[in-house]
Amino acid sequence: MNLPGIETLVKAPFAEGDVFIAGRWCAAGDGRTFPVHDPATAELIREVSAAGPGDAMAAVDAAQAAAAGWRATPPRRRSEILHTAFALMRENTETLAHLIVLENGKAYRDAVAEVGYAAEFFRWFAEEAVRIGSAFGDAPGGGFRHVVRRHPVGVTAFVTPWNFPAAMATRKIAPALAAGCPVLLKPAPDTPLTALAIAALLSEAGLPDGLLNVLPTDRAPEVVSAWLRDERVRKFSFTGSTATGRKLLEQAAANVVNVTMELGGNAPFIVCEDADVDAAVRGAMDAKMRGGGEVCIAANRFYVHRSVAAEFTEKFAAAMTAVRAGAGLEEGVTLGPMVNRTAVESIRSLVDDAIERGAKVAARGEVPEGPGHYHPATVLVDVPEDARIMNEEVFGPVAPLATFADEDELVARANDTVHGLASYIYSRDVGRALRIAERLEAGMVGLNRGLLSDPAAPFGGVKQSGLGREGGREGIEAFLETQYIALDWPTD
């Protein structure tokens, strides 16, 4: 199956509307719509159906009705459907990548990489679906047996962000379906079209009706609150800001809903005195500029040893200055626009604050003129620790640099944050790098690597960067409940 061409998808991708419930495309119950814009031009792409509380309840009804049949479906069949979805995503890479560029703005090469990454979650969890298993053993005291089985947690509700509209959806959808759970998905209002295309692909892959329900909307509080108030919703997974995550945790607590949260980050990027500086610069470009810096695990604070600070700064500034900004589909562009005007203003505010506190601009790239939401690739040096950009997630193509001389001082500064999602370390001494890594309060650490994410590895943070893990073996366990049965077993 091939998706329709990009023009068809954008103009009228689905016959009756953009809300996908029980295997059927429909308009929002009250007819509401909301606009989706192209970040490169600020022009309207089109109006999209805006689901409301009534649609949210209809989606729960559909998911609950499909739950028993999917729970009873053999894991091998679930696996086959996910393998087919993987193949369909790969076949439609070009169309999906164009769609991501159009609504998210990222450079085409980043969008292609995202589609490949997103598809891998279907393949990984297709393979995990058949390995859930149960356990049987003897009670140590004798006389009976232990039976420990795993079963699906039930109806799951997801809220995904705009920065990876394909990958953040499949990272949640794939393990839930593999475990036997039906899904409710609310994609970000900036980027709903990619999620709808993924729903179409899963339907084509043979996923039974009601197991994936997608509700685009610009009234998220109404939809999500309706889900969290419904006792049939037993799992909730959110990727987004820490501030929003705190509010959603309060709502989920009312019904003791099982929760996974992937929240904000403030990743330190550490360059030790014995680092390969050229490799560190390449890693810094990966860790900072992937997706235009609009990435939760992006390097946010750079700590460079004084002895290599001048060399690293010169080479990193040259690499950032060479970044070509423009519309994501233009040849040679490596930095697309930010997702919207609010994002640009937030980045500018952090840069202005740092400069007011004494930071200096070491590099600033060029951006196109016009209405698009662009921010130049920027390097700041001599950034004080009390600057907001050292304490808040910048979520854009700006790198603040500071220096260090002592390892203990470095670790204290790196850990001085409420966040603990990712960290990066460059050193030729693996023992030193591991020693520092083990002292860092972070869920993930890249050692001499600027790219961390892998569907086969657990993704998540500590402190206020979240709860639970996605990806890896842990990713499917988040959608399983453990049941213990004591089985009488006479010995005579």
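One-based numbering along the sequence shown. Bear in mind that the values here come from a model prediction, so they are computed numbers and not experimental data.
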**Q.** Donor-acceptor pair, side chain of Tyr374 and main chain of Ala327, under 3.5 angstrom
**A.** yes
Q. Is there a side-chain contact between Met168 and Cys296, using heavy atoms and a 4.5 Å cut-off?
A. no
**Q.** All side-chain hydrogen bond (donor to acceptor under 3.5 Å, both in side chains) counterparts of Thr156, not counting sequence neighbours
**A.** none
Q | Pairwise distance CD(Glu222) to CG(Asp55) - rounded to 0.5 angstrom | A | 10.5 Å
Q. Do any N or O atoms from the side chain of Lys288 and from the backbone of Gly283 form a donor-acceptor pair under 3.5 angstrom?
A. no
Q: May I ask you to decide if Arg290's main-chain N or O and Asp110's side chain share a donor-acceptor pair within less than 3.5 Å?
A: no
Q. Sub-3.5 Å donor-acceptor pair from the side chain of Ser203 to the main-chain atoms of Ala199, do we have one?
A. no
Q | Flag, side chain of Lys186 to backbone of Val159, donor-acceptor distance under 3.5 Å | A | no
Pairs of donor and acceptor atoms involving the side chains of residues 62-76, under 3.5 Å and at least two apart or interchain, shall be tabulated with distances.
{"unit_1": "Trp70", "atom_1": "NE1", "unit_2": "Leu177", "atom_2": "O", "d": "3.0"}
{"unit_1": "Thr73", "atom_1": "OG1", "unit_2": "Gly69", "atom_2": "O", "d": "2.8"}

(Q) Any carboxylate oxygen within less than 4.0 angstrom of a Lys/Arg side-chain nitrogen, looking at Glu294 and Lys106? (A) no
Q. Roughly how far, to the nearest 0.5 Å, is the CG atom of Leu202 from the CG atom of Leu82?
A. 7.5 Å
Q | Asp209 and Arg24, any side-chain heavy atoms less than 4.5 Å apart | A | no
Q) Which pair of non-hydrogen atoms, one from Pro187 and one from Leu215, has the smallest distance, and what is that distance? A) CD-O, 3.6 Å
Q: Could you tell me which non-hydrogen atom of His375 sits nearest to which non-hydrogen atom of Val367, and how far apart they are?
A: C-CG1, 3.7 Å
Q) Quick one: do Arg232 and Asp61 make a salt bridge, cutoff under 4.0 Å? A) yes
(Q) Would you say Glu393 and Thr242 are linked by a side-chain donor-acceptor pair, where the criterion is simply a distance under 3.5 Å? (A) no
Q: Find the distance between CZ (Phe122) and CG (Leu88) and round it off to the nearest 0.5 Å.
A: 9.5 Å
(Q) So if I apply the salt bridge (charged side-chain N to carboxylate O under 4.0 Å, His left out) rule between Glu262 and each of Arg171, Lys172, Arg469, which one comes out positive? (A) Arg171
Q. Within a strict 4.5 Å, meaning less than it, do heavy atoms of the Ile425 and Leu440 side chains meet?
A. yes
Q. Shortest non-hydrogen contact from Ser453 to Ile297?
A. OG-CD1, 3.4 Å
Q.
Can you give me the closest heavy-atom contact between Ala399 and Phe316, atom names plus distance?
A. CB-CE2, 3.5 Å
Q. Run the salt bridge (Lys or Arg N to Asp or Glu O under 4.0 Å) check on Glu345 and Arg341 step by step: do they pass?
A. CA-CA 6 Å; Glu345 292 171 353; Arg341 179 56 51 189; 5.1 Å; no
Q.
Tell me whether the rings of Tyr117 and Phe164 are parallel (<30°), tilted (30 to 60°) or perpendicular (>60°).
A. perpendicular
**Q.** Heavy atoms from other residues, nucleotides or ligands near CD of Glu94 exceed 12 (cutoff 6.0 Å)
**A.** no
Q: Could you give me the CA-CA distance, side-chain angles and deciding distance for Arg77 and Glu80, then say whether side-chain contact (heavy atoms from CB on, under 4.5 Å) is met?
A: CA-CA 5 Å; Arg77 177 58 186 149; Glu80 290 168 348; 3.5 Å; yes
(Q) Looking at Asp18 and Ser49, would you say the former's side chain and the latter's main chain have a donor-acceptor pair under 3.5 Å? (A) yes
Q | For the student: nearest non-hydrogen atoms of Gly17 and Trp25, plus distance | A | O-CB, 3.6 Å
Q | Validation row: Ser79, His83 side chains within 4.5 angstrom (heavy atoms) | A | yes
(Q) Is it the case that the side chain of Asn213 and the backbone of Val183 share a donor-acceptor pair, with hydrogens and angles ignored and the cut-off at 3.5 Å? (A) yes
(Q) Distance check, rounded to the nearest 0.5 Å: Leu196 atom CG versus Leu201 atom CG? (A) 11.5 Å
Q) Between atom CZ of Arg324 and atom OG1 of Thr334, what is the distance when rounded to the nearest 0.5 Å? A) 8.5 Å
(Q) With a sphere of 6.0 Å drawn around CD of Glu127, does it hold more than 12 non-hydrogen atoms of other residues, nucleotides or ligands? (A) yes
Q. Take atom CZ in Arg219; do more than 12 heavy atoms of anything else shown fall under 6.0 Å from it?
A. yes
**Q.** Rounded distance (nearest 0.5 Å) linking atom CG of Leu102 with atom CG of Leu329
**A.** 7.5 Å
Q. Is it true that a side-chain atom of Ser465 and a backbone atom of Gly420 form a donor plus acceptor pair closer than 3.5 Å?
A. yes
**Q.** Side-chain donor or acceptor of Asn300 paired with backbone N/O of Glu392 under 3.5 Å
**A.** yes
Q: Assess whether ring pair (Phe, Tyr, Trp, His ring centres under 6.0 Å) is satisfied between Phe238 and Trp227, documenting all intermediate values.
A: CA-CA 13 Å; Phe238 169 75; Trp227 285 344; over 10 Å; no
Q: Test side-chain contact (heavy atoms from CB on, under 4.5 Å) on Val361 and Val379 and set out the steps.
A: CA-CA 6 Å; Val361 176; Val379 177; over 6 Å; no
Q.
Can you confirm whether His37 sits close enough to Ile45 that some side-chain heavy atom of one is under 4.5 Å from a side-chain heavy atom of the other?
A. no
Q: Check whether any side-chain heavy atom of Asn266 sits under 4.5 Å from a side-chain heavy atom of Gln464, and report yes or no.
A: no
Q) Is the closest side-chain heavy-atom distance between Glu47 and Arg32 below 4.5 Å? A) no
(Q) Run Ser346 and Met338 through side-chain contact (heavy atoms from CB on, under 4.5 Å) and show every step you take. (A) CA-CA 11 Å; Ser346 175; Met338 302 297 97; over 6 Å; no
(Q) Could you check whether any side-chain N or O of Glu103 sits under 3.5 Å from a backbone N or O of Val36, counting only pairs where one atom can act as donor and the other as acceptor? (A) no
(Q) Lys235 vs Thr260, test: side-chain contact (heavy atoms from CB on, under 4.5 Å). Steps then yes/no. (A) CA-CA 8 Å; Lys235 172 74 182 184; Thr260 297; 2.6 Å; yes
**Q.** Within-4.5 Å side-chain heavy-atom neighbours: Asp190 and Pro39
**A.** no
Q: Taking all non-hydrogen atoms of both residues into account, name the closest pair between Gly472 and Trp124 and its distance.
A: O-NE1, 3.3 Å
